[in-house]
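Note sheet for the following structure.
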Amino acid sequence: MLEILAQHPGEVAEIRHDSEAAQLLLEVGLIDKFLKNPNPGRQWYSMAVGICDTHFIVGVLFSDFPNAIDNGYIVHCMPRSFYKEGQVLQWAIDKYNKHCPPESIVQAFAPIVKPENN
């Protein structure tokens, strides 16, 4: 998947298919950076942000939502040529806080992770 991003360095991409999102998160070394829900049964999400040659990778893991389709990974790929790290983090906070009631969500942000092979 990183090859596809490299071919489109200026484009924003979103991956909503859970297994495809998980594959990209594995490729960039973020799959194990998500914090586990400390209160199982309570709706929450965890975010991890990483970086590859062309994009910031914003991974979001939703868990314990009543509808199974609402659980799993989503990945947003933001071009490094257009965004700075702080802008990406603020965008992620703004996007997900408005969709989920703050009192039902625990937020966790991993630091920017750059894979060793880049």
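Atoms considered below: every heavy atom in the structure, side chains included; atoms not considered: hydrogens, waters and symmetry mates. This structure is a prediction, so every number in the text was calculated from the model and none was measured.
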Test your reading of the model: is there a side-chain donor-acceptor pair from E27 to the backbone of M1, 3.5 Å cut-off?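 The answer is yes, because a donor-acceptor pair under 3.5 Å joins these two groups.
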For the pair R80 (side chain) and C52 (backbone), establish whether a donor and an acceptor sit closer than 3.5 Å, ignoring hydrogens and angles.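 Yes; judged by distance alone, with no hydrogens or angles, the pair exists.
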Per the side-chain contact (heavy atoms from CB on, under 4.5 Å) rule, which among I51, V49, V12, T54 passes with M78?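 Checked I51, V49, V12, T54 against M78; only one passes side-chain contact (heavy atoms from CB on, under 4.5 Å): V12.
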Measuring only between side-chain heavy atoms, which start at C-beta, is Q43 closer than 4.5 Å to P66?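 Q43 reaches P66 side chain to side chain.
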Contact check, side chains of V75 and L30, non-hydrogen atoms, under 4.5 Å: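 The answer is no; the side chains never approach within 4.5 Å.
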Mind running side-chain contact (heavy atoms from CB on, under 4.5 Å) on V60 and Y45 for me, showing each step along the way? CA-CA 7 Å; V60 185; Y45 66 89; 4.1 Å; yes
Roughly how far, to the nearest 0.5 Å, is [atom2] of [Y] from [atom1] of [X]?
X: L2; Y: H55; atom1: CG; atom2: NE2; value: 10.0 Å
X: Y73; Y: F34; atom1: OH; atom2: CZ; value: 6.0 Å
X: I93; Y: M47; atom1: CD1; atom2: CE; value: 7.0 Å

For residues [X] and [Y], report the shortest heavy-atom separation together with the two atoms involved.
X: E20; Y: I15; result: CB-CG2, 3.7 Å
X: K33; Y: A48; result: CB-CB, 4.1 Å
X: G10; Y: S81; result: CA-OG, 4.2 Å
X: L25; Y: G59; result: CD2-CA, 3.9 Å
X: D64; Y: P40; result: OD2-CA, 3.9 Å
X: Y83; Y: F56; result: O-CE1, 3.2 Å

Anything under 30° is parallel, anything over 60° is perpendicular, the rest tilted; go ahead and classify H76 against W91.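 Plane angle over 60°, so perpendicular.
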Do L24 and I4 sit in one hydrophobic cluster, given that two such residues count as connected whenever their side-chain heavy atoms are within less than 4.5 Å of each other, even indirectly?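 They do not share one cluster, since no chain of ILVMFWY contacts under 4.5 Å joins L24 to I4.
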